[in-house]
Amino acid sequence: MKKIAQFFVLILVFACAQEKPDVEKEGQELMQLSREWSDVAATGDVDKTVSYWSDDAVFIASGQPTLRGKENLRAMVEDMSKIPGFKISWEPESVSVSESGDMAYLIENNSVTVNDTLGNPVTTTNRVVTIWKKDSLGNWKNVLEASAADPK
């Protein structure tokens, strides 16, 4: 009985001694991942662009229906790539990572350019919040994105 109690004490000690994630490092890596995603989105590679979202991701944008699931997001990316003059880019402004190191959110700024009816480029800016979660393999995936026009 004493050995069983010692065994459980050891398990408890090892469980408590697990190293906490470096949330600052995780945050910097996630901000870099967001920058890489912006670069990929600029190339027009639909498959690679969509790969940053989780299978059950949600996309919310002002004045647009909420999109749920990677297939709906793929259709959105494909449709947007067909808009004359379409370009998108973004830059993360700040990040906050959970103490457990498996969830985070970013505040980002994005620019979207499309051609007007005369073929002139028109750019709008948005404020965006993205929520990220690590998948079962430890990879960050965007699970929720919400944006609103920036009144600048």
Side-chain angles (χ1 to χ4, degrees), residues 11-117 120-152:
I11 289 175
L12 183 61
V13 167
F14 284 121
C16 292
Q18 287 181 348
E19 195 171 312
K20 288 191 174 189
D22 182 342
V23 295
E24 187 172 325
K25 180 182 174 201
E26 290 284 344
Q28 293 306 313
E29 289 175 2
L30 187 52
M31 288 181 74
Q32 183 56 37
L33 182 65
S34 178
R35 290 181 188 106
E36 290 170 12
W37 190 14
S38 178
D39 292 343
V40 166
T43 69
D45 184 333
V46 173
D47 289 334
K48 185 80 171 166
T49 299
V50 172
S51 73
Y52 289 82
W53 278 300
S54 67
D55 290 341
D56 60 349
V58 176
F59 183 88
I60 302 169
S62 296
Q64 301 297 317
T66 298
L67 300 176
R68 298 178 189 278
K70 193 178 273 189
E71 289 310 310
N72 288 323
L73 296 172
R74 173 183 299 285
M76 174 191 68
V77 171
E78 289 171 346
D79 289 347
M80 290 189 330
S81 70
K82 296 173 187 170
I83 297 171
F86 177 79
K87 295 178 190 164
I88 187 168
S89 64
W90 60 88
E91 176 66 25
E93 179 183 299
S94 64
V95 63
S96 181
V97 179
S98 67
E99 286 184 30
S100 61
D102 62 349
M103 286 198 75
Y105 69 86
L106 292 169
I107 308 246
E108 301 173 296
N109 300 298
N110 82 7
S111 295
V112 177
T113 302
V114 296
N115 290 348
D116 66 12
T117 56
N120 300 312
V122 176
T123 301
T124 58
T125 58
N126 299 285
R127 301 285 290 156
V128 182
V129 175
T130 56
I131 299 176
W132 296 74
K133 185 177 178 182
K134 283 193 174 179
D135 65 14
S136 61
L137 299 175
N139 299 311
W140 286 107
K141 294 292 183 178
N142 179 303
V143 296
L144 185 134
E145 185 167 335
S147 69
D150 191 350
K152 287 185 196 180

How many angstroms lie between [atom1] in [X] and [atom2] in [Y], if you round to the nearest 0.5 Å?
{"X": "Leu73", "Y": "Leu67", "atom1": "CG", "atom2": "CG", "result": "6.0 Å"}
{"X": "Ser34", "Y": "Glu93", "atom1": "OG", "atom2": "CD", "result": "12.0 Å"}
{"X": "Asn120", "Y": "Asn115", "atom1": "CG", "atom2": "CG", "result": "7.5 Å"}
{"X": "Asp39", "Y": "Asp45", "atom1": "CG", "atom2": "CG", "result": "12.5 Å"}

Heavy-atom pair of closest approach, residues [X] and [Y]:
{"X": "Ser51", "Y": "Lys48", "value": "OG-O, 2.6 Å"}
{"X": "Ser111", "Y": "Thr123", "value": "CB-CG2, 4.1 Å"}
{"X": "Glu108", "Y": "Pro92", "value": "CG-CA, 3.6 Å"}
{"X": "Asn126", "Y": "Ser147", "value": "CB-CB, 4.4 Å"}
{"X": "Met76", "Y": "Trp53", "value": "CE-CH2, 3.9 Å"}
{"X": "Ala41", "Y": "Thr49", "value": "CA-OG1, 3.5 Å"}

| message | Could you walk me through whether Leu30 and Trp132 satisfy the side-chain contact (heavy atoms from CB on, under 4.5 Å) test, starting with their C-alpha distance in whole Å, then the side-chain angles of each, then the deciding distance to 0.1 Å, before giving a yes or no? | response | CA-CA 9 Å; Leu30 187 52; Trp132 296 74; 3.6 Å; yes
| query | Are Val58 and Glu145 close enough, and set up right, to give a side-chain contact (heavy atoms from CB on, under 4.5 Å), and what steps lead you there? | reply | CA-CA 6 Å; Val58 176; Glu145 185 167 335; over 6 Å; no
| message | Just to verify, which of Asn110, Asp150, Asn109 counts as forming a side chain to side chain donor-acceptor pair (under 3.5 Å) with Arg127? | response | Asn109
Taking [Y]'s backbone N and O only, do any of them form a donor-acceptor pair with [X]'s side chain (distance below 3.5 Å, no angle check)?
{"X": "Trp90", "Y": "Trp37", "answer": "no"}
{"X": "Asn72", "Y": "Arg68", "answer": "yes"}
{"X": "Ser98", "Y": "Met103", "answer": "yes"}

| Taking everything shown except Phe86 itself, do over 12 heavy atoms lie less than 6.0 Å from its CZ? | yes
| Within a reach of under 6.0 Å around NZ of Lys87, are more than 12 heavy atoms found that belong to other residues, nucleotides or ligands? | no
| said: Name the residue from Asp56, Asp47, Asp55 that meets the salt bridge (Lys or Arg N to Asp or Glu O under 4.0 Å) definition with Lys70. | reply: Asp55
| message | Counting C-beta onward and ignoring hydrogens, is there a side-chain heavy-atom pair between Arg35 and Gln32 closer than 4.5 Å? | response | yes
| field | Trace of the side-chain contact (heavy atoms from CB on, under 4.5 Å) decision for Phe59 with Gln64 | value | CA-CA 9 Å; Phe59 183 88; Gln64 301 297 317; over 6 Å; no
